[in-house]
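Worth saying up front: this structure is predicted, and the values here are computed from it rather than measured.
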Amino acid sequence: MSNSHSNRGVVYKGPGEVAVENIPYPKLELGNRKCEHGVILKVVTTNICGSDQHMVRGRTTAPSGLVLGHEITGLVVECGSDVEFIKPGDLVSVPFNIACGRCRNCKEGNTGICLNVNPARPGAAYGYVDMGGWVGGQTEYVMVPYADFNLLKFPDADQAMEKIQDLTLLSDIFPTGFHGCVTAGVGPGSTVYIAGAGPVGLAAAVSAQLLGAACVIVGDMNEERLKQARSFGCETIDLTEEGDMADKVEAILGEREVDAFVDCVGFEAHACGCNHGKEAPATVLNSAMELTRAGGEIGIPGLYVTEDPGAVDEAAKQGALSMRFGLGWAKSHSFHTGQCPVMKYHRPLMQAILFGKVKIADAVNVKMITLDQAPQGYADFDGGAATKFVIDPHGSVAA
């Protein structure tokens, strides 16, 4: 296929600014060598992620000119000569983790910390700061390496397009929320607290229900997002209101602690009550230790960074947070951090969607937008919209 095609993508210009620009059409190349294990995708859907917002707010060291986007679903249009099991015309979900499939971590299933795809540190992702410099997928076309290993092929493309608003969430948000719950030990009969009612928090809440939780409590400061959580059966706590968190949990459960806690907020956390407008980056982690029962587990899919130029103090600028870690130690808590290894979960979650066991798009309130509407989508998301914005670059998804 000719590489003379045009291509456009969402580009980070600097703090508070993204733009849709012409970018090079992807090539099956890695630096100066051919990438015969890769494919080129025509992007069918690509999502705006909450972690993209950290970069766009200027809260990371992301360079200007970075092509954004790590949540990709696409149609294969070209394959390298070493690709054996993926074919042109296949409709596929792309894990946001780029993984070689060959290193020790990949072979152990820890694809979020692949050792061969990022010279700076373990783990890589499309269109993300410090994650290997890979071109992002909020584009019309994108290159995906190690295709046979990375890609999840949908068994029936027509069926998949009918459920594309759900299936697009398999690239990151749904597995990430599910991973948060699995690592927090959620199971049948669990009581669960989900910190944050953004898209990942809502995905975690649905995941907790899918895993059999008895009661799921979601805390947030945005009433629209709390209403969204209540729409599928969650209890909610408005964190702008005064009062002790344990008292609020007790009013719902009759107990002051939960079995499992999932942090879907991360490093831009704010204090509660009358101080809810003030950043307090360790507040969720400290609440987790307070509210989780002794012997309980804490899942932390929320993003924490090693460098935060916009942090409230010098320590936090280096990712050093003031945690009451002794409390967690005394209560024998387990803490589970890091990016979700999407491939551990995306196939079974695909099956749950295809067989109607979960309606993840309804839960996170998917809204389809065009590529040209992406900058406004970023602004609306940052404004607290209770919406998961999904970009349809080619207008291929029916309204």
Side-chain angles (χ1 to χ4, degrees), residues 37-47 49 69-80 82-102 105-114 117 123-127 134 136-139 141-179 182 200 203 206-207 210 339-358 360-361 364 366 388 390-391 396-397:
H37 51 67
V39 301
I40 293 174
L41 297 183
K42 178 181 179 181
V43 177
V44 173
T45 54
T46 178
N47 316 329
C49 181
H70 56 269
E71 301 188 15
I72 308 164
T73 304
L75 192 70
V76 177
V77 295
E78 184 177 355
C79 295
D82 290 344
V83 179
E84 296 188 57
F85 306 111
I86 297 291
K87 306 297 182 189
D90 287 346
L91 186 62
V92 296
S93 179
V94 185
F96 79 88
N97 324 108
I98 301 170
C100 73
R102 297 152 166 82
N105 285 347
C106 283
K107 289 178 179 179
E108 293 177 355
N110 296 317
T111 53
I113 42 175
C114 174
V117 287
Y126 304 90
W134 297 83
Q138 288 173 11
T139 55
Y141 297 90
V142 69
M143 196 277 281
V144 173
Y146 306 104
D148 280 326
F149 181 67
N150 281 289
L151 296 178
L152 174 66
K153 176 186 172 182
F154 298 133
D156 182 294
D158 291 337
Q159 178 197 30
M161 287 303 295
E162 290 176 4
K163 297 203 171 198
I164 195 66
Q165 292 190 18
D166 298 278
L167 295 171
T168 188
L169 305 175
L170 290 174
S171 57
D172 179 358
I173 171 182
F174 193 11
T176 292
F178 194 83
H179 177 65
V182 168
V200 169
V206 171
S207 297
L210 190 61
Q339 294 186 336
C340 168
V342 169
M343 268 189 274
K344 280 188 177 178
Y345 308 107
H346 65 176
R347 184 174 296 278
L349 293 178
M350 174 188 74
Q351 295 290 79
I353 290 169
L354 293 178
F355 284 91
K357 297 301 181 185
V358 64
I360 183 67
V364 304
V366 160
K388 176 66 172 178
V390 175
I391 300 168
S396 54
V397 179

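- Within the 3.5 Å criterion, the main-chain N or O of Gly123 finds no donor-acceptor partner in the side chain of Gln339.
- Counting only heavy atoms from C-beta outward, the side chains of Val364 and Val206 never approach each other to under 4.5 Å.
- Between atom NE2 of residue His346 and atom CG of residue Leu151 there is a gap of 9.0 Å, rounded to the nearest 0.5 Å.
- In this structure, Asp172 contributes its side chain and Cys49 its backbone to no donor-acceptor pair below 3.5 Å.
- Pairing each heavy atom of Pro341 with each of His179, the nearest pair is CD-CE1, 3.6 Å.
- The nearest pair of heavy atoms linking Lys107 to Arg102 is CE-O, 3.1 Å.
- Taking a cutoff of 4.0 Å between a charged side-chain nitrogen and a carboxylate oxygen, Glu71 and Lys388 qualify as a salt bridge.
- Taking the side chain as every heavy atom from C-beta outward, Cys100 and Phe149 never approach each other to under 4.5 Å.
- Between Val44 and Ser396, the closest heavy-atom pair is CG1-OG, 3.8 Å.
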| query | Hey, mind stepping through Val390 and Thr46 against side chain to side chain contact (heavy atoms under 4.5 Å, CB included) and telling me if it holds? | reply | CA-CA 6 Å; Val390 175; Thr46 178; over 6 Å; no
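- Looking at Leu41, Leu152, Thr73 one by one, the single match for side chain to side chain contact (heavy atoms under 4.5 Å, CB included) with Val92 turns out to be Leu41.
- Summarising the geometry, atom CZ belonging to Phe85 is positioned 6.0 Å from atom CG belonging to Asp148; distances are rounded to the nearest 0.5 Å.
- Between atom CG of residue Leu91 and atom CD of residue Gln159 there is a gap of 11.0 Å, rounded to the nearest 0.5 Å.
- The shortest distance between side-chain heavy atoms of Cys114 and Thr111 does not fall below 4.5 Å.
- In terms of heavy atoms, Pro175 sits closest to Cys340 at O-SG, 3.4 Å.
- Looking at heavy atoms from C-beta onward, Asn97 lies out of side-chain contact with Met343 at the 4.5 angstrom threshold.
- Not one N or O on the side chain of Asn150 forms a donor-acceptor pair closer than 3.5 Å with the backbone of Ile98.
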| query | Can you list the steps and then say if Val39 with Val83 is a side chain to side chain contact (heavy atoms under 4.5 Å, CB included)? | reply | CA-CA 8 Å; Val39 301; Val83 179; 4.1 Å; yes
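- In this structure, the side chains of Met350 and Phe154 come closer than 4.5 Å at one or more pairs of heavy atoms.
- Using a 30° and 60° split on the angle between ring planes, Tyr146 and His37 fall in the parallel class, below 30°.
- Proximity of Leu170 to Tyr345: side-chain heavy atoms (C-beta onward) are nowhere separated by under 4.5 Å.
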| Check against side chain to side chain contact (heavy atoms under 4.5 Å, CB included), Ile72 and Val142 | CA-CA 9 Å; Ile72 308 164; Val142 69; 4.1 Å; yes
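- Not one N or O on the side chain of Thr168 forms a donor-acceptor pair closer than 3.5 Å with the backbone of Ile164.
- Residues forming a salt bridge (Lys or Arg N to Asp or Glu O under 4.0 Å) with Glu108 (at least two apart in sequence, or on another chain): Arg104.
- Counting only residues at least two apart or in different chains, salt bridge (charged side-chain N to carboxylate O under 4.0 Å, His left out) contacts with residues 89-99 comprise Asp90-Lys153.
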| task | Take Ser171 and Asn47 through the test side chain to side chain contact (heavy atoms under 4.5 Å, CB included) and record every step on the way to the result. | result | CA-CA 9 Å; Ser171 57; Asn47 316 329; 4.0 Å; yes
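- The closest side-chain heavy-atom distance from Cys79 to Lys87 is not below 4.5 Å.
- Under the 3.5 Å distance criterion, the side-chain polar atoms of Asn105 are left unmatched by any main-chain donor or acceptor of Asn110.
- The ring of His70 has its center closer than 6.0 angstrom to the ring center of Phe96.
- Counting only heavy atoms from C-beta outward, the side chains of Ile360 and Ile353 approach each other to under 4.5 Å.
- A pairwise comparison of heavy atoms in Ala99 and Cys106 identifies CB-SG, 3.6 Å as the closest pair.
- Between Tyr141 atom OH and Glu78 atom CD the span is 11.5 Å, to the nearest 0.5 Å.
- Leu167 contributes atom CG, which lies 10.5 Å from atom CD of Gln165 (distance to the nearest 0.5 angstrom).
- Not one N or O on the side chain of Trp134 forms a donor-acceptor pair closer than 3.5 Å with the backbone of Val144.
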